[in-house]
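All remarks here apply to the structure that follows.
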Amino acid sequence: MLVATLTLAFAWVGWLASDDKNHLVGAYGWLEHFPYVATVNPALRHTIAIPVGMSFRLLGVSEFSLIIPNLIQYFGMIWLTWSFLRRSLNEQVALLACLLITTAPLIPIFASVVFTETTELFYLALSFWLFHGATLRERKATLLFAAGLCAGFGWLTRETTAALLLLYGILFLIGYGIPRRYYWIMAAGFLVVVGAEALFMAALTGNPLHRYEILISKQGSIPYKGAVEGDVFNRIGNLSVNPVLDPLLVLFANHEFALLFYAALPAAIWCWRAPGLSIQQRNTLRLLIAWAIVWFLFVSAVLINLHQRYYTVCAYVAAILIAAWLVHGVARISKHLSILVFIALLSANYLAIYIDNRNPLFGERSLVEFVQSTGEVVYTDPVTRRRALFFLSNAGVENRVLTTSPPPTGVLFFHNPNRANEWTRSNQERANYTPDGSWDLVWENAQGRKMSGIFLEWLGLKDTLPPSIYRRLNQPNKPVAVYRAP
């Protein structure tokens, strides 16, 4: 847990004003109205909105109290993984797996952001391990029912839980682990949760399918986040070649996974055969491989935009497979080689976390800092104000930040070039938010350079890299400034 805590502090991101904004709407809804029914899909994720609302009630509204429920589920996921792996494989595998999971860049980064990934992984991992435990025991009913309940909570978190349900369906068809009739106990647990939510919706809205109508209506409005002109990455941050290869590039060409999936390939091949392990241990590893494959294929085929975070389950499984491979496979050939591989993976994970932009709202945080230092009203572009609103509200200065196009003569204007692409997407006139030579500079703030950028410049490699890549490695956010409008 110490490593998990230190890594979490190192990877900390915080408020993003993206999906977490809608989860905040849900939390405020439950805080101010009981019972509450949201009208936007993310706010209907009760497993996120209700705990955040409770946190606000107990601790007040702040960035930290917003994230506390996520942190509890993050540490809960680590504990349950350790607990089940220790019994299913051994303590060495459990330890190495937990270290790889807690340092795999994507997982600790999103543990500090109120998105769906941490909550979903907590419930799905618990469901998976409860099901696995049921296949090993004579008294199965309670564990299977609990596994179904957890899958139901996963479903209420995000409908990508359907990938786990698909795995259970396949296992039912082949009769894996338990008699087929026992699978219906797990289905009953799932239906209790989903059915209870449907009854809740029917009682408050008259429509038991309220959640699904909103979800379906939203699908047509989700834009494809394609290429950015002059950048090698698309708007998600992925390299894009074609629909067939793009899912693989997400896993193998993104720093969020470091070297994890390069090691996971030989690990999965070894784990499928698992020479020298018991049948029970081999089945555990094969079941994990099946989960990762079904998840990868489902997400890649169904979702429009392949965000790296959608493959969190694959990263979770990969870490476990690598740990089993290193302990039971590589170490039998050479303990020194096993240690070196593990150190290399851990080092790559921390390097990937370091080069990640862990302060994507640098401009918005700078805006709050400046507004608190001046008594004047400050104008900015609408995108920056919207993303900074949570910070501004917590600081009690939201009424001193305004937006209009163009800003009035003589006012202070906060210029945030990091939102320039979003101005274009929002149909804002870029010229209205871009100072020229007639504007007087009042204040500016630049993010410090990363050692990786300084090192590359010292090696003379700065000009050999695409500008967008070097910017990420050197200074992810552009400097912001305050001007006096002419």
Side-chain angles (χ1 to χ4, degrees), residues 44-48 50-51 73 76-77 79-89 116 118-203 208-209 211-212 215 278-295 297-299 302 312-313 316-317 320:
L44 282 166
R45 293 166 178 162
H46 312 304
T47 52
I48 299 175
I50 293 175
Q73 291 163 338
M77 177 272 296
W79 177 83
L80 72 90
T81 302
W82 158 263
S83 180
F84 282 102
L85 281 179
R86 182 172 57 85
R87 290 194 293 266
S88 297
L89 297 170
T116 57
T118 301
T119 303
E120 182 182 49
L121 181 59
F122 171 75
Y123 284 116
L124 298 193
L126 186 52
S127 176
F128 176 89
W129 289 115
L130 288 170
F131 167 76
H132 174 262
T135 65
L136 304 176
R137 296 189 182 185
E138 291 185 8
R139 302 181 68 177
K140 311 172 184 300
T142 302
L143 290 178
L144 289 171
F145 188 75
L149 290 175
C150 291
F153 288 125
W155 177 266
L156 296 186
T157 304
R158 191 170 60 192
E159 291 75 13
T160 44
T161 295
L164 181 62
L165 303 181
L166 178 59
L167 173 66
Y168 288 154
I170 294 170
L171 297 176
F172 167 79
L173 292 175
I174 64 177
Y176 174 84
I178 54 177
R180 287 189 178 89
R181 65 182 182 276
Y182 280 97
Y183 280 89
W184 296 108
I185 298 175
M186 189 161 56
F190 176 81
L191 291 174
V192 164
V193 174
V194 176
E197 198 244 9
L199 290 175
F200 173 78
M201 292 298 174
L209 302 179
R211 157 189 292 274
Y212 307 102
L215 177 65
S278 68
I279 294 176
Q280 176 183 317
Q281 291 175 318
R282 188 181 304 122
N283 287 341
T284 299
L285 296 172
R286 287 182 175 180
L287 192 59
L288 283 163
I289 292 170
W291 184 22
I293 291 174
V294 170
W295 188 275
L297 293 175
F298 180 87
V299 167
V302 172
T312 301
V313 165
Y316 173 81
V317 172
I320 297 172

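Rounding to the nearest 0.5 angstrom, the gap separating the CD1 atom in I48 from the CG atom in L156 is 10.5 Å. The distance from atom CG of L136 to atom OG1 of T284, rounded to the nearest 0.5 Å, is 6.5 Å.
Applying the side chain to side chain donor-acceptor pair (under 3.5 Å) test to pairs two or more places apart or on separate chains, those with a residue in residues 158-169 are T116-R158, E117-R158, E120-R158, E120-T160, S127-Y168, R158-T160, E159-R211.
Nearest approach of A151 to L165, heavy atoms of both residues: CB-CD2, 4.1 Å. Of all non-hydrogen atoms in L89 and Q281, the two that sit nearest each other are O-NE2, 3.3 Å. Between A162 and W155, the shortest heavy-atom distance links the atoms CB-CZ3, 3.9 Å. Closest of all the heavy-atom pairs between M201 and L44 is CE-CD2, 3.4 Å. Closest heavy-atom contact between L130 and C150: CD1-SG, 4.1 Å. For the residue pair G154 and L124, the shortest heavy atom distance occurs at CA-CD2, 4.1 Å.
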Show the atom names and distances, to 0.1 Å, of all donor-acceptor pairs under 3.5 Å that link a side chain in residues 177-188 to residues at least two apart or in another chain.
| residue | atom | partner | partner atom | Å |
| --- | --- | --- | --- | --- |
| R180 | NE | F172 | O | 2.9 |
| R180 | NH2 | L173 | O | 2.7 |
| Y183 | OH | L171 | O | 3.4 |
| Y183 | OH | Y176 | O | 2.6 |

Please tabulate, for side-chain N and O atoms in residues 140-147, each donor-acceptor pair with protein atoms closer than 3.5 Å (sequence neighbours left out).
| residue | atom | partner | partner atom | Å |
| --- | --- | --- | --- | --- |
| K140 | NZ | A134 | O | 3.1 |
| K140 | NZ | R137 | O | 2.3 |

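The neighbour count for I279 CD1, taken as heavy atoms of other residues, nucleotides or ligands under 6.0 Å away, does not exceed 12.
Checked against Q73 for a side-chain hydrogen bond (donor to acceptor under 3.5 Å, both in side chains), the options T118, T47, T119 give a single hit: T119.
Using a 4.5 Å heavy-atom cutoff, the side chains of V317 and W295 are not in contact. Residues L288 and F128 have side chains in contact (heavy-atom distance under 4.5 Å, counting atoms from C-beta outward). The side-chain heavy atoms of Y123 and T157, taken from C-beta on, include a pair separated by under 4.5 Å.
Ring-plane geometry between Y316 and W291 is classed as perpendicular, the angle between the planes exceeding 60 degrees on a 0 to 90 degree scale with a lower cut at 30. The aromatic rings of H46 and F200 lie perpendicular to each other, with more than 60° between the two planes, well past the 30° mark. Between H132 and W129, the two ring planes are perpendicular [angle over 60°; tilted spans 30° to 60°].
With S88 contributing its side chain and F84 its backbone, the two residues share a donor-acceptor pair below 3.5 Å.
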